[in-house]
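Reckoned from all heavy atoms, side chains included, excluding hydrogens, waters and symmetry mates. The chain is numbered in sequence order, starting from 1. These numbers were taken from a predicted model, which means no experiment stands behind them.
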Amino acid sequence: MYLKNISLILSVFFGFYVIFSFTQHSTPQAHPLLSLAIAFAAVFAMWFFGKRASGLLSSLGARLSSPDASHFLIGCILMGVAARCLWVSIFPTEAVSDLSTYFDLAERLSGGAAYDSPEGRAFWPPGLPLLLTPFFAIFGAANWVVALFNILFFIGTIVVTYSLGKRTLGIAATRFAVLIVCVWPNLIFMADKPHKELVLALLLPAALLFYLQNADAQHKGKNGRWANLVACGLCLGLAALTQPAAALFGVVLFVYELSSDARIATRARNLIIVATISILTVLPWTIRNYVVLDAFVPINTAGGVVFYSANNSSATGGWIPNDKYFDQELRDADEMELNSLAYNKAFAWIVGNKTQFVQLAILKQTRFLCCDNYGSFISFMHPRLTIAADPVVGRTTGIISNFVWISLALLIISASVVSRPGNGVHWRNYFTLVTTIFYFLLIFSLFQSESKAHVSVAVAIAIMAGSIFAREDQANPQGKKERGEIRTPDRKKLS
């Protein structure tokens, strides 16, 4: 019961914080108290009007539950692929900023060149370029190949969303979560560029899915499926190589195990296996860095610069030009010295400016949650675009993206304060999904934060929004199969 209450409170807080952050950033002149009032009003409105929508929810839930499972999944995949192909064909755009760097690194690797950039030989995390390299080697380095890569990851994300949702919610709620991922505007608008967040949107929930499958097997009295733990560790290792902020994601699994009724030795073994496989996945790159740099660098050397850029007297919470905070000592430093010096300067500034550090941390959190229009911005409004920018299309698609983002926040609030999902929710799994969001919220309270970062937890957000349909009369008992699914032995219902 305590997991249910904590999950509902955190869900309401998440939706509340999204509304507050959106108001703060869309109207910077607004006083924070006004933003708080608007967020509280949104919670009250969801409570007041949500009670009057129960009949509509029942009707929609019945419609969502009616199609055959395989037909539904195939239909969602085809619809999502079509939407992405249509977007890429109508609005061909270019990769700029970090995206062009990842593209160039993958192109270099596919051509047999060394992993190197003007910033250094290990500055950029290698996960996305390494995953893109075989595609570039086979098809050539082109934007349509990036789109193909992202579409394949989208298909995987849909399957993982469905599987993870089935282990957490009922039939209608799971299908609604799948639909959200399928037609989420910002995910579609990011489809033609090398975004590491789209990779994480698959790898992180896939890691959770594998871990939960192992826990289910152990709950039924089996030893668990070691392949699931290996797959979980592999996903987390690849996620860390793609985004070093995910390197400590095992904390989420640790929190999951805290509420487990398994033996301590079993829980410890699970975590150790996953951690070991994750480290082994990263290890070849760490060895490469040692050979190239003659220093121990687990993944990349950008951490110090990213940390210092977000924690200095000129920091805004997001990216700022180097000339805003680089002194001559940093300009003269080599790659390794720069990483170390930047960390030291950031820590020194934090120690001497604790109040400003806390204020910046809150600002970074609001940047993480404020909006969902990054795909529109990077395609049509980024200042480094060499082709003609199109602010009209950028603003229009941005409005669509932010409307859906706020709608998701309101759905999550409504699901928590009105529908209050009951027996149709596996609360330990749901709580773990919520924890993934707050894990990244905490990480990006320390480093540079942008709204694109929450794309990494899109599956968790979609499942939370889908829980509006997870009422007791629509619950899908654990182990019950849908029409069209392959029949396997029922698994024990977890409490």
Side-chain angles (χ1 to χ4, degrees), residues 73-113 115 124-163 178-207 231 234-235 238-239 241-243 374-380 382 385-387 393 397 401 452 455-456 458-459 462:
L73 270 181
I74 293 173
C76 285
I77 289 173
L78 292 177
M79 181 169 58
V81 170
R84 284 154 176 79
C85 291
L86 188 64
W87 171 260
V88 171
S89 62
I90 295 177
F91 299 108
T93 56
E94 61 179 319
V96 295
S97 189
D98 295 4
L99 308 182
S100 63
T101 301
Y102 288 126
F103 187 99
D104 293 342
L105 287 170
E107 186 176 15
R108 286 179 59 84
L109 290 175
S110 66
Y115 190 87
W124 298 93
L128 179 55
L130 288 174
L131 290 170
L132 267 175
T133 294
F135 287 83
F136 281 7
I138 296 172
F139 302 107
N143 287 337
W144 73 266
V145 179
V146 176
L148 172 64
F149 173 85
N150 286 334
I151 286 173
L152 292 176
F153 268 73
F154 157 73
I155 294 173
T157 304
I158 285 291
V159 174
V160 168
T161 302
Y162 179 79
S163 300
V178 170
L179 279 175
I180 289 172
V181 174
C182 177
V183 300
W184 194 322
N186 194 36
L187 303 187
I188 296 174
F189 301 158
M190 296 169 69
D192 62 335
K193 298 180 182 62
H195 293 280
K196 59 185 178 183
E197 291 77 18
L198 294 178
V199 175
L200 294 178
L202 169 59
L203 291 178
L204 295 178
L234 180 62
C235 287
L238 290 174
L241 288 171
T242 304
Q243 168 59 279
Y374 182 76
S376 303
F377 170 77
I378 199 70
S379 296
F380 303 107
H382 197 281
L385 286 171
T386 59
I387 61 175
V393 175
T397 53
S401 295
K452 65 178 180 178
V455 170
S456 304
V459 170

Heavy-atom closest pair (A458 atom, L187 atom, distance to 0.1 Å) is CB-CD1, 4.4 Å
Side chains of residues 126-141: which donor-acceptor partners sit under 3.5 Å, not counting sequence neighbours?
unit_1 : atom_1 : unit_2 : atom_2 : d
T133   : OG1    : P129   : O      : 2.6

When rounded to the nearest 0.5 Å, the distance separating OG of S89 from CG of D192 is 10.5 Å
Rounding to 0.5 Å, atoms SG (C85) and CD1 (I90) come to a distance of 11.0 Å
Taken to the nearest 0.5 Å, the spacing of W87 CH2 from F189 CZ works out to 4.5 Å
* **K196 side chain to S456 side chain, donor-acceptor N/O pair below 3.5 angstrom** => no
F153 and V199 have their tightest heavy-atom pair at CE2-CG1, 3.8 Å
When every non-hydrogen atom of N186 is compared with those of S401, the smallest separation belongs to N-OG, 4.0 Å
Distance col, row Q243:CD vs L204:CG, nearest 0.5 angstrom, shows 9.5 Å
Residues passing the side chain to side chain donor-acceptor pair (under 3.5 Å) test with N150, sequence neighbours excluded, are none
In short, P194 meets V146 closest at the heavy-atom pair N-CG1, 3.4 Å
Between S379 and K193 the two heavy atoms that sit nearest each other are OG-NZ, 3.0 Å
In this structure, OG of S97 is separated from CD1 of I378 (nearest 0.5 Å) by 5.5 Å
Tightest non-hydrogen contact, residues C76 and L179, listed as SG-CD2, 3.7 Å
| Would Y374 and H195 count as a close aromatic pair, with their ring centres under 6.0 Å? | yes
- prompt: Do the side chains of V88 and W144 get nearer than 4.5 Å, heavy atoms only?
  reply: no
- [ ] Answer whether the closest heavy-atom distance between the side chains of L241 and P125 falls below 4.5 Å.
- [x] no
Taken to the nearest 0.5 Å, the spacing of I155 CD1 from L202 CG works out to 11.0 Å
Sequence neighbours excluded, the answer for side chain to side chain donor-acceptor pair (under 3.5 Å) partners of S376 is T397
Closer than 3.5 angstrom, by distance alone: can the side chain of R84 be matched with the main-chain N or O of G80 as a donor-acceptor pair?
yes
TODO: Without swapping roles, check the side chain of S163 against the backbone of V160 for a donor-acceptor pair under 3.5 Å.
DONE: no
